[in-house]
Asker: 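Sharing a structure below in structure tokens format, with a few things to ask.
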Amino acid sequence: MPRYSAAEIEANWQKAWDEAGIFRAEPDPSRPKYYVLEMFPYPSGRIHMGHVRNYTMGDVIARHKLATGHNVLHPMGWDAFGMPAENAAMASGGHPKDWTYQNIADMRAQMKPLGLSIDWSREFATCDPEYYGQQQALFLDMLEAGLVYRKNAVVNWDPVDMTVLANEQVENGKGWRSGAEVERRELTQWFFAISDMAEELLEALDTLDDWPAKVRLMQENWIGKSRGLQFAFGLNDGPENFDRIEVYTTRPDTLLGASFVAVSPDHPLAKYLEKDNVDLAAFSAECRKGGTTEEALEKAEKRGYDTGLTVRHPFDTSWELPVYVANFVLMEYGTGAIFGCPAHDQRDFDFATKYGLPIIPAFLPAEDADPHLTEAYVPPKTEPVHYVSSFAGDTWQTGAEAIDATIDFCEANGVGQGVTKYRLRDWGLSRQRYWGCPIPVVHCDACGVVPEKKEHLPIRLPDDVTFDIPGNPLDRHPTWRHTSCPACGADARRETDTMDTFVDSSWYYVRFTAPRADTPTELAAADYWMNVDQYIGGVEHAILHLLYSRFFARAMKVTGHLPSSAVEPFNALFTQGMVTHEIYQTKDAKGRPVYHLPEDVTDGRLADGTEVEIIPTAKMSKSKKNVVDPIGIIEAYGADTARWFVLSDSPPERDVEWTAAGAEAAHKHLARVWRIASEIAEGVASASPDSDDALLREMHKAIHDVSTGVESFGFNAAIARLYAFTGVLAKSEAGTQAKREAARTLAQLMSPMTPHLAEELWHMLGGEGLIATAPWPVADPAMMKDDTVTLPVQINGKRRTEIQVPQDMPKDEVEAIALATEAVQRALDGGQPKKVIVVPGRIVNVVV
RNA sequence: GCGGGCGUGAUGGAAUGGUAGACAUACCAGACUUAAAAUCUGUUGGGCGUAUGCCCGUGUGGGUUCGACUCCCACCGCCCGCACCA
């Protein structure tokens, strides 16, 4: 008997699928549609195990849906703009375009052997002019709809990548890509008006039942809704045009505990005062350059500069409070100014202690509590406390009640308004880079900023650029920026900024529904295919990409590029875990760690016998040398083995540890299935198909459990059931006919995970056509049950014995049998049970 | 600091409130073999016992329940996200 040869099988069946065109997706009203999408890859040049896991999961869903009669759309493309291409060009002198397209070709070639059920006819890269030209059209429509605007703003400047970053792209004060300390610069930039949709984006999170709660929560926190009071303190003897300081607070109930007002160094008042005050200028400069990293903030002292100015308390104009410029007040949030209440905020308490400011409690735990606090008193908002003076009758209130009462009181007395604020800021999309989608506008001396005409699109990137000096090559290109004004025809300059690459990935999922359309989208196609039914990707995109996409789906509805029925882009989201591996480490002469590749380590030793230290497990990374290359695995064992392994053992949302032993075992199992099926196929069909109840039962259980597992991302449990079924099949004494049936079902159940092997088995066992399009088997609940069932019998909740009873025996008969058992009789010792619980088909519990 | 999640054999992990440890790995033993590989079979939570069997066991302590890995409370540990957000 020949051995299981994955290489041969896999190439053959990929060809067969290709020729049959079964993964080509076209609208078909006779079948329910199903759009499954994995987050498309950045073309780095090499696929890794994370890709394999991600795409395999999507493929299992897609193939299962195809077999259950759905019209499946399962596309693939390339998130192809971005810095690495430019960095590569700078390092090696090539062109980002060549580098990117070569990488795409390489990665496509590496991906194809995986046998994914992808409609490759819909493939595109975001750097194709056909794609980014449509993105420019979309941009112009958004501009017209007021969803994009230009403003002068303090932005995050990445000094290494020499470009602006969105707030979401700054992590702990560092650029998300370069890791460089982000600087603050004032520039005129383009912004998407995402914050206008803050409330809608927040509210709609509740409708995303099939998203991980964790991701919804992260977005909720990011949007950061808060309700508070905005009001002003009157300023005494302020400079011209400054007669008040607006503040925002979420704890207006602490107003009577106010002891100072502090403004940000970037507040207009501070900036004004700075002009004539060298000390303040120096203080502010110090604050601005201070790092914004976590440690820096933790350690940074809360410092203030006393401006000498005072403000009047809104409820008692004779009550004067000092005005400070303080390093911890952010211009970006609220009004850039706060009032400090040391009694109920630890940071304010520290500040007040340092500068000798009064600490006045607005409320206390009890009427007779000591008002001299040694630290800030901050009870939960739901806990009733005693207010020293109340804005609403009752002096015993919870914080939440007092806040509402205070806002009502202030509004009634014209002191301020209750306002809702969001932490979410508008999305700055301008990037001073070459390898991105050009922003299609023109700067004209006479007309100002003018949108490019749609018939001029795409505004193509010039090919003749150099990367020998830092900065944006578009800026210094000799001719590219020179153009004429679309409005008046005079000489004008093109915008040289390009779009953030997150724009590209914010609408690609719609483009897949009509990838060659000469408008950004085709309404009919979008209407048919959208929304994405199942989206799969890494949790690292929980905020950026997913929030931007949710914004874009709404924006595209406004501009008419999506039907009004569309609301959310992704009905269901699954965030899969990473593929990890042990790290092998030795130390060099100086005690520094040296890492070793998995293939260089055998039984914990290097080839020369040196013992390596095994560091448990971590995400695969080049620097730690714990990367297992999927290509090597596919060559050694075949794609089906790689696919089977990444799905087994660990639940898909958790990390899975790649082990050589596990991969080996996966391959052995597939070879075993192949062997079992071959033997069955070669067996002479017996005239009388001897059935085997145990086999049939296991088969129907497998159908049920695998179907459920595949539908609910329980791939590991589905695979466990398949192992069990295989074991029963191998041992079955049934006639060849019955075994053939069972083996065919096994092949079908395995087909989403190991599609090539499944086709081979199907073919071997005489299945009709392709297994990929064969109807998915249906479990018969009646067949899953045994005629008799083993019931555990508990005495006082502890399992003592078991009984065999017919499946449908009435409760009282089961009870009688249970009571008659030796174990129960012994426990009763002649007495009567206090209680007997019989759960049919489950358990009997006797309480004595 | 705020928010969320997770703690089960040597290991990855199963388990609608109903036989804890499915399935796999690893280990051990056996069959086949001159031998090895491959394959097949069996054992494996801890303890006591010749044995029918008994006791303990899902991070710790308590609670609800006939019955708790599962629900509730407190604590311990680990992981993740956000964070000078007023």
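Every chain is numbered from 1 and lettered A, B, ... according to where its sequence line falls, protein lines coming before strand lines.
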Asker: Under 6.0 Å between ring centres: does that hold for A:F725 and A:Y723?
Answerer: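 They do not qualify: ring centres at least 6.0 Å apart.
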Asker: Among B:A83, B:C56, B:A38, which nucleotide has an atom closest to any side-chain atom of A:K668?
Answerer: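 Closest nucleotide among those given: B:A38.
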Asker: Please enumerate all residues that pass salt bridge (charged side-chain N to carboxylate O under 4.0 Å, His left out) together with A:E220, with sequence neighbours excluded.
Answerer: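 None.
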Asker: Reckon A:R672 has a side-chain N or O less than 4.0 Å from the OP1 or OP2 of B:C40?
Answerer: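 Affirmative; the distance criterion is met.
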Asker: If you measure from the C1' atom in B:G81 to the same atom in B:G12, how many Å do you get, rounded?
Answerer: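 Those two atoms are separated by 26 Å.
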Asker: Return the minimal non-hydrogen interatomic distance between A:N716 and A:D649, and the atom names on each side.
Answerer: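 Nearest pair, atom of A:N716 first, then A:D649: ND2-O, 3.5 Å.
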Asker: Heavy atoms under 4.0 Å, any strand shown: does A:K834 hit a base, just sugar-phosphate, or nothing?
Answerer: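 No contact.
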Asker: Any side-chain N or O of A:R347 under 4.0 Å from OP1/OP2 of B:C85?
Answerer: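 The answer is yes; a side-chain N or O of A:R347 sits under 4.0 Å from OP1 or OP2.
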Asker: Give a yes or no on whether the ring-centroid distance for A:F645 and A:W658 is below 6.0 angstrom.
Answerer: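 Yes, they do, as the ring centres are separated by less than 6.0 Å.
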Asker: Distance criterion of 3.5 Å, no angle test: do you see the side chain of A:K835 paired donor-to-acceptor with the base of B:C66?
Answerer: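 For A:K835, whose side chain was compared with the base of B:C66, there is no donor-acceptor pair (under 3.5 Å).
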Asker: Taking CZ from A:F349 and C1' from B:G1, how many angstroms apart are they, rounded to a whole number?
Answerer: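 Answer to the nearest Å: 17 Å.
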Asker: Classify A:K225 by what it touches in the nucleic acid, base, sugar-phosphate, or nothing, heavy-atom distance under 4.0 Å.
Answerer: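 Since no nucleic acid heavy atom lies under 4.0 Å of A:K225, the category is nothing.
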Asker: For the side chain of A:W222, starting at C-beta, report the closest nucleotide among B:C84, B:C82, B:C80.
Answerer: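 Output: B:C82.
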Asker: For A:M218 and B:A83, give me the distance from atom CE to atom C1', rounded to whole Å.
Answerer: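 Whole-Å distance recorded here is 13 Å.
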Asker: If pairs are Watson-Crick or G-U with both distances under 3.5 Å, what is the dot-bracket string of RNA chain B, marking crossing pairs with [ ] and pairs to another strand with |?
Answerer: (((((((..(((.....[....)))(.((((.......)))).)((((....))))..(((((..]....))))))))))))....
Asker: With nearest nucleotides of RNA chain B determined for A:N796 and A:E657 from heavy-atom distances, which residue corresponds to the more 5′ nucleotide?
Answerer: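 Its nearest nucleotide being more 5', the pick is A:E657.
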Asker: In terms of relative ring orientation, are A:W674 and A:Y4 parallel, tilted or perpendicular, with 30° and 60° separating the classes?
Answerer: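 The arrangement is tilted - the two ring planes meet at 30° to 60°.
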Asker: Between A:R251 and B:C85, does any side-chain N or O lie under 4.0 Å from OP1 or OP2?
Answerer: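 Checking A:R251 against B:C85: no side-chain N or O falls below 4.0 Å of OP1 or OP2.
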Asker: Polar atom pairs between nucleotides 13-18 of chain B and protein, under 3.5 Å, N or O only, would you list them?
Answerer:
residue	atom	partner	partner atom	Å
B:A14	OP1	A:N716	ND2	3.3

Asker: Do A:E679 and A:R675 meet the salt-bridge criterion of a basic N to acidic O distance under 4.0 Å?
Answerer: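 Salt bridge absent between A:R675 and A:E679.
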Asker: Hey, does A:Y723 reach any base, or is it just sugar-phosphate, or nothing, if we go heavy atoms under 4.0 Å?
Answerer: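 Here A:Y723 touches the backbone only, sparing every base.
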